[in-house]
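Chain letters run A, B, ... following the sequence lines, proteins first and then strands; every chain starts at 1. Just so we're clear, the structure is a prediction, and the values are computed from it rather than from any experiment. Just so you know, these numbers use all the heavy atoms, side chains as well, and skip hydrogens, waters and symmetry mates.
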Amino acid sequence: MRISKSFIPTLKEVPADAVIPSHILMLRSGMIRMLSAGIYSFLPLGYKVIKKISEIINEEMTAIGGQEFHLPALNPREIWDETGRIEDFGDTMFHLKNRDYVLAPTHEEVMTFHAKGAMKSYKDMPQIWYQIQTKFRNEARPRSGIIRGRQFLMKDAYSFDSSWEGLDESYTKHYQAYQNIFDRCGIKYFVVGASSGAMGGSKSEEFMVKSDAGEDTVAYCNSCGYAANVEVAQSVVEPNERSSESKEVYEISTPNIHSIDELCEFLKIDERETAKSRVYIFDEKPILVLMSGNDEVNGTKLESILGGEVRPAHPEELVEITGAEAGSIGPIGFKERILADNRLKDGNNLYSGANKTDYHIGGIDLKRDVEKIEYFDLRTIESGEECARCGEPLDVFKAIELGHIFKLGTKYSEAMGATFLNENGKANPIIMGSYGIGVDRVLACFIEQNYDEKGILWKGPLKPFDIQLLGLNMKKEIVINESNEVYELLKSEGYDVLFDDRRDAQAGFKFNDAELIGIPLQVIIGEKNVKEGLIEIKNRITGERLIIGKHLLLDQLKEIG
RNA sequence: CGGGGCGUAGCGUAGUCCGGUUAGCGCGCCUGCUUUGGGAGCAGGAGGUCGCAGGUUCGAAUCCUGCCGCCCCGACCA
């Protein structure tokens, strides 16, 4: 493709609104442009890569028996009412104003709708159906360029099985297909156990990419490979030691002390001698959650223990419930349910709030003084804690979710009445799985993992072109002729070539553009070399230059690769 | 949704606190000449509802009010 006839609007300067590398580079290299917050257009160069990713996904899905669909983004509200997910999604779902339609954020409902009545017999299954299409979510805060948008390209697959063993098989197939897909794309990733959240179902795993731009936090053990979203991650934390003697409970005046750090500073004590209180509302009733020191409550763990959603109590509610403001709340005298983290188990001589603003209580013995107390693993784990599997220190870092596979079970088939007849002629709900990949995130993640100060470093099958051909002075007849000739030659050999044939651009300008776009191989036609029958090949990644006789060009390119 | 920042030409920005020429600069764009292996030089030129609306004032990019948009942190996130 000739650049002079293409639309590849590169930018020399960094757009003010872009912050993370992939966003900056996609804008600068002319792959995307923003239309509105979280809504991006793919320009030809960007879309070309998207299609390459899609093609890899298609091949791997076909390999496990997947069949591609094209589904409506516009959905009647009823099918979402059937599964109750209008409420689950809440404000995250887009609703149309002038007709009772929603914009689909995912496609369990539509796929189940089609499976219903079509999968009549156990003989009709297994099936794997998938699509690669735009999804819509009314994200409260889009961010990080393409990584979190209000509309995004997602591949989602659904498996339909007549038995739980069949689901296991479909799940395993997808797991393997996903590994193939990400490996082929050249993405460095890892797999974590995850919470299935509002999707429902039992087992789920996420394919993650380590990145500061990520929105998930994961724990990873470099030693044994244990990996889990911090929502569910566990570590070994021994309960605090119990002193041999319990002091009496006593009240302390602690004016303007609101945090554990302030309390420790004020009383000259260690944070492990304190019990932090958090009040949550579950099922319209308050629950006190006690944590050791500054340990953070893990909301996901709390919700799975309680079996439902919780929310933190508002400041006004705190006063109403406990009689004290935040910072002075504690277990002594708290009349509702009390949960405590395992680390506090049977602790004594603890300091906590007095349920009286600006007062704390010391000498608390949880065993003696707090009758109804239930202990659970409620902590959010931290970097450096011991791996629950092998005991080595865990690494905790941010990551981007690229893929997510779920064993859905019968949540959707039951809700929508999608049943089949089994061997005994009995109607059973179809057993489903759901498997997603953020296609445009694959692009962003690849760039996050492959760039330098000059631009993108493409390699492998995602590269938008094989070779960038630079004609350095396209006003000189000799360079024009030579580069046109080389262009035709490379094309005829099957290379996909981006030909910088711009007449007015300076050499340095072309070099910088080529490095920004980042095609792995550059073939450079300069006047001096042409006159000596020479041609230059440059490796974008290593910067290595080779000047060779023109007749050796094809051999040399084959050798490189 | 809470907190913070920003909005001036296609891009990046100065000016805004403290109101007062014709809103300035760099890049890009157009014309011509020169240059041609690391983001060219000279000359000439085009391009602005200063986010929108209202208000204060003799006078508003600048002050006030409301709204909209974008970015960052947080909350939320199948």
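Asp17(A) comes within 4.0 angstrom of sugar-phosphate atoms only, judged by non-hydrogen atoms across all strands, and of no base.
When ring centroids are compared, Phe406(A) and Tyr412(A) stay outside the 6.0 Å threshold.
With C70(B), G37(B), G38(B) as the candidates, the nucleotide lying closest to the side chain of Leu472(A) is G37(B). Closest to the side chain of Ala37(A), from the set G37(B), G28(B), C71(B), is C71(B). Side-chain proximity of Phe511(A) to C1(B), G38(B), G12(B): nearest is G38(B). For Gln506(A), whose side chain is taken as the heavy atoms from C-beta onward, the closest listed nucleotide among G28(B), U35(B), C70(B) is U35(B). Distances from the side chain of Lys538(A) to the nucleotides G38(B), G28(B), U35(B) place G38(B) closest. Each of C76(B), C71(B), G37(B) was ranked by its minimum atom distance to the side chain of Arg148(A); first place goes to C76(B).
Between the CD atom in Gln133(A) and the CE atom in Met154(A) there is a gap of 11.0 Å [rounded to 0.5 Å].
If you check the side chains of His23(A) and Ser144(A), you find no donor sitting under 3.5 Å from an acceptor.
Dashed line: the shortest gap from a side-chain N or O of Arg141(A) to OP1 or OP2 of C73(B) is under 4.0 Å. Between G69(B) and Ser36(A), no contact under 4.0 Å exists linking OP1 or OP2 to a side-chain N or O.
In this structure, Lys538(A) satisfies the cation-pi test against Phe511(A), with its NZ or CZ atom closer than 6.0 Å to the six-membered ring centre and inside 45 degrees of the ring normal.
Whole-Å rounding puts the Met208(A) CE to C77(B) C1' distance at 12 Å.
Under the Watson-Crick or G-U wobble criterion, with both distances below 3.5 Å, U21(B) has no partner in any strand shown.
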